[in-house]
Every structure is written in C-alpha cells, then in structure tokens.
Number of protein chains: 2
Amino acid sequence: MTDTLPPDIDATENRPYHHGDLRRALIEAARAIIVRDGAQALSLRGVAREAGVSPAAPYHHFKDKQELMLAVGKLGFEELGEVMEAEIRRVGGAVAERITAIGVAYVLFARDNPALYRLMYDCSRNMEALPPEMHEKDHSAYAIVRNAMIEAGRASPDSEIDVELATIAAWCSAHGIAEMGGFAQFAPLKEALGGELNFYRELLKRTGNFQAR
Amino acid sequence: MTDTLPPDIDATENRPYHHGDLRRALIEAARAIIVRDGAQALSLRGVAREAGVSPAAPYHHFKDKQELMLAVGKLGFEELGEVMEAEIRRVGGAVAERITAIGVAYVLFARDNPALYRLMYDCSRNMEALPPEMHEKDHSAYAIVRNAMIEAGRASPDSEIDVELATIAAWCSAHGIAEMGGFAQFAPLKEALGGELNFYRELLKRTGNFQAR
DNA sequence: AAGATGATCTTGACAGCGTTCAGATGAATT
DNA sequence: AATTCATCTGAACGCTGTCAAGATCATCTT
C-alpha cells in the first residue's frame with residue numbers, strides 16, 4: 001500500500017542499501033503520521049524511522065523538515081482536487097447543486113483530515129504567487145472553485161477582478177467553516193439540526209458564497 | 001511596560017530570588033515573543049530566558065508549555081473583545097454600520113497579530129464547552145457578535161438555535177477572511193481594489209453575515 | 001570490462017528543546 | 001525564633017533538527 005516499485009520492502013529489514021523511492025516513501029510516511037497522530041507528533045526522525053532509514057537520510061531528498069511538509073501539503077491539495085472533481089461528477093449537471101456539493105466536499109475533506117488540512121493551509125500561506133497546485137492545472141482545487149463561481153453566476157467572466165473576488169470569498173467561507181466546524185462545542189447544535197451534514201449545509205447557505213444566483 | 005507591581009525588574013539583574021509576579025511576566029514575555037518572532041519561535045526556555053528566570057521556573061506557574069500558551073490565548077481574546085467594543089463605541093448607534101465595523105475590527109485584529117490570532121484559534125478549538133472568555137461575560141467577543149447578530153436582524157431572538165447559527169456563521173466567515181486575507185498572493189488584488197481595507201470590506205460584504213437585514 | 005563519478009545512505013556529533021527532580025531560598029505563619 | 005511552604009535554581013534525561021565525514025552502490029565513461 002505504501003510502495004509500488006520495489007515489492008519487498010517492509011521498511012525495516014531486507015532493505016538494500018539504496019531504498020529505491022525514498023522520497024515518495026518519506027512523503028507517505030509523513031502523511032500517515034500526520035493523519036494518525038496529528039501535526040504535533042510529526043518529527044523528521046520519526047518519519048525516517050517509519051521509513052526504515054537513518055535520521056539523516058531525508059536530507060538527501062529534502063533540504064528541510066519544512067520542505068518535506070510542503071510536499072505533504074501539495075499531495076493534500078491534489079487529493080482535495082480529486083475529491084471535489086469526484087463530487088462534481090457524482091451530482092451531475094445541475095449547476096445549483098454542483099456548487100453546493102463542491103463546498104460540502106471541501107468542508108468534509110477538512111473534517112476527515114483536520115491535521116492534513118491544517119498543514120495544507122500552512123503551505124498555501126505566504127507564497128510569492130498563487131502556488132502551482134492552486135492555479136496551474138484546470139484540475140486544481142482553485143480552478144474548480146473558480147469555474148464553479150462563473151457557472152453559478154456569482155461572477156462575471158468578463159471581469160477578472162470580479163472572478164477572483166468571488167473565488168476568494170468562497171474559499172474564505174469554506175476555510176472558516178472547515179476549520180471551525182469541527183469544534184467540539186458545536187456538537188449540541190449539530191444534533192439539534194439533525195446531523196452535522198445539515199449543520200455544514202446550513203452554514204454554507206448562510207455565507208451564501210456557495211449558492212447559485 | 002512589561003511589569004507593574006515591582007518597579008525595578010529588568011529581567012536579568014538585581015532581581016530578588018522570588019520574582020514577585022512571574023506568572024504575569026511569563027505570559028507577557030510569551031506574548032511578546034509570539035508577536036515579534038512568530039509561534040514557531042516560541043520556546044518555554046526562551047520565555048524563561050526573556051523573563052530572566054531558570055528554565056524550570058515556569059513549571060511552578062504552568063503545568064505545561066500548553067498551559068502557558070492557553071493563558072496567552074485567553075489574554076488575546078480579552079484584547080480582541082476590547083478592540084471590538086472600542087470600535088462599536090466609535091461608530092456610534094447606527095446598527096448597519098456597527099455590525100460591519102465589528103467584522104472589520106475582527107479581521108484587522110487578526111491581520112495585525114497573525115501569530116497571536118492563530119494561537120487563539122488553537123486555544124478555542126476542541127474545548128469541552130464554549131470557553132469562558134467566549135460566552136461568560138457580556139463583554140466577551142462571542143457575546144458582542146451574538147448581540148450584533150440579533151440587533152442587525154440576522155437572527156430571531158426567540159430561537160436560540162437561530163441565534164447560535166447566525167453567530168457561528170458570522171464567526172466562521174470572519175475567521176476565514178482573517179486567516180486567508182493576509183496571504184501574500186492577494187496583494188495585487190488588494191491594490192486593484194484601492195487598499196486592503198476595501199478588500200476586507202468587499203469580502204465581508206460577499207459573505208453577507210456582517211450585513212444588516 | 002574496468003575504473004571513475006556521483007547519488008544515496010549511515011554513523012556520530014552538536015546545540016537546543018520540554019520536562020523532571022533534588023535541593024536552595026526566603027516570605028509567611030506559628 | 002522556628003517552621004512551613006511556595007518559589008526558584010542546577011543538573012540531568014531523552015528527544016529533536018541539522019550537519020559533516022565516511023560507506024555503499026548504481027551508472028556512466030573509456
């Protein structure tokens with residue numbers, strides 16, 4: 001499940017001197033630790049341990065702990081994009097439902113992987129320009145939201161500023177709900193609304209940015 | 001500026017064996033380090049160093065590094081409440097302007113103290129119930145937003161669920177803008193809108209939760 | 001085919017971290 | 001004046017991120 005190229009690696013024994021695809025193994029080990037134990041439990045030495053290499057080995061693939069975490073975040077953005085696209089395909093052609101489904105998928109992704117989502121946020125902040133995974137490919141999460149905003153009539157495709165603003169506004173709304181929606185103190189309210197899915201839908205509805213016009 | 005009770009403490013010399021008010025001094029030192037160098041640069045030993053005590057001294061006032069950071073976060077919520085109340089007083093009695101001013105004040109507080117705001121978020125998450133500083137006093141930030149939601153007609157005071165939902169929705173919107181609005185990649189858009197204040201106002205407007213009905 | 005090159009991995013080390021514990025200090029109580 | 005007890009120190013533990021020097025081995029050159 002973790003490796004593809006060499007079929008006989010259990011991360012601790014019978015491993016050849018050279019790993020084969022250590023870079024990918026490190027990223028996946030880090031992702032696993034973050035998802036399992038949280039971001040605070042992620043140490044570079046621990047990642048190396050889980051991958052079955054020495055504490056210094058990662059430095060031949062990443063210049064920094066930061067750079068490894070950046071790679072994990074980038075992987076997260078790819079996953080997020082895939083989840084959103086899958087949800088788009090699932091709901092089909094109805095524009096109004098599609099845009100809401102995108103917002104729900106975004107929020108649920110954060111709910112299911114809170115620590116990973118947090119790391120992704122850390123990665124995307126303070127970048128020189130929009131990070132590649134946010135605008136280069138049409139399949140990126142950013143492009144998905146952007147297109148949805150135009151389709152849903154929340155921005156005029158003629159005005160680049162308008163489109164950017166609509167996309168950013170929607171992203172901010174989703175981010176706020178994604179990060180705060182999981183607070184334990186909201187549990188009673190979720191029950192009163194008949195489940196957390198309704199809770200998230202209601203919040204998205206009230207922010208308005210994920211409704212068609 | 002850092003101490004009030006003992007007038008002769010410079011944190012390294014001429015200090016009596018017992019500090020006097022080390023607890024407060026530690027909180028303020030930690031706050032200063034976070035605001036100055038960011039959350040990642042905050043170490044318990046560094047805080048003790050800045051306060052002029054041994055690395056073990058803080059453990060007589062906080063059981064944990066976590067507990068110290070919690071105290072810093074609580075202080076931050078008090079400051080936030082004060083800022084918002086000051087802004088309410090400033091704009092006077094117009095309801096429509098008041099609720100917008102609250103949102104703007106919240107977002108600007110986060111812009112001016114991003115690391116502190118992030119710490120506050122960490123403090124408020126995963127609490128058993130709403131933390132005291134968020135609901136006990138009428139002067140708390142939570143109570144301010146809550147009252148504003150009722151005044152602005154965004155929730156019926158008869159329905160507790162409605163009020164809570166409106167407050168949480170507004171809080172989520174503000175949180176999203178507060179955390180993402182400072183991204184460096186939005187700088188061009190801010191300029192195109194004629195300043196970041198307009199940028200924040202526009203985003204708040206689009207989320208709708210800080211507009212009167 | 002043999003040797004050289006360079007990427008990959010290990011060993012060992014360094015400073016700094018959070019935390020604990022035994023002991024020093026001194027303010028407050030008796 | 002003696003005792004008590006909260007406060008602070010000094011030293012230590014295992015952990016961390018990071019680096020430099022050397023071992024290993026795949027690949028390229030001749």
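First the proteins, then the strands, lettered A, B, ... as listed; each starts at 1.
With sequence neighbours excluded, the residues satisfying side-chain contact (heavy atoms from CB on, under 4.5 Å) with R90(B) are E87(B). Residues satisfying the side-chain contact (heavy atoms from CB on, under 4.5 Å) criterion with A56(A), sequence neighbours excluded, are S54(A). When the salt bridge (Lys or Arg N to Asp or Glu O under 4.0 Å) test is applied to R201(B), no partner is found at least two apart in sequence or on another chain. Residues forming a side-chain contact (heavy atoms from CB on, under 4.5 Å) with Q211(B) (at least two apart in sequence, or on another chain): T100(B), R154(B), K205(B). The side-chain contact (heavy atoms from CB on, under 4.5 Å) test applied to A30(B) returns L42(B), V47(B), L68(B), V72(B), not counting sequence neighbours. Applying the salt bridge (Lys or Arg N to Asp or Glu O under 4.0 Å) test to R146(B) and every residue at least two apart in sequence or in another chain returns E160(B).
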Discussion item. Generate the contact string for nucleotides 15-20 of chain D. Rules: B means base contact, S means sugar-phosphate contact only, - means no protein heavy atom under 4.0 Å.
Written reply: -BBBBB

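Contact between the side-chain N/O atoms of H60(B) and the OP1/OP2 oxygens of dT9(D) is not found at any separation under 4.0 Å. Between dA7(C) and H61(A), no contact under 4.0 Å exists linking OP1 or OP2 to a side-chain N or O.
In this structure, D21(B) atom CG and dC8(D) atom C1' are separated by 15 Å, rounded to whole Å. The nearest whole Å value for the distance from the CZ atom in F62(B) to the P atom in dG18(C) is 14 Å. Atoms CG (L22(A)) and C1' (dT10(C)) sit 13 Å apart, rounded to a whole Å.
Comparing the local axis fitted to the first five base pairs of the helix from dA1(C)-dT30(D) to dT30(C)-dA1(D) with the one fitted to its last five gives a bend of 10°, rounded to 10°.
Applying the salt bridge (Lys or Arg N to Asp or Glu O under 4.0 Å) rule to pairs touching residues 52-69 of chain B yields nothing, sequence neighbours excluded. The side-chain hydrogen bond (donor to acceptor under 3.5 Å, both in side chains) analysis of residues 101-117 of chain B, with sequence neighbours excluded, yields the pairs Y106(B)-Y117(B), Y106(B)-W171(B), R111(B)-E196(B), Y117(B)-H175(B). Judged as a salt bridge (Lys or Arg N to Asp or Glu O under 4.0 Å), the pairs with a partner in residues 29-48 of chain B (not counting sequence neighbours) are, in order, R31(B)-E79(B), R36(B)-E50(B).
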Measure all distances between protein nitrogen or oxygen atoms and nitrogen or oxygen atoms of nucleotides 3-5 of chain D, and list the pairs falling under 3.5 Å.
none

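The aromatic ring centroids of Y121(A) and F77(A) lie 6.0 Å or more from each other.
The existence of a salt bridge linking K74(B) and E78(B) is excluded, since no basic side-chain nitrogen approaches an acidic carboxylate oxygen closer than 4.0 Å.
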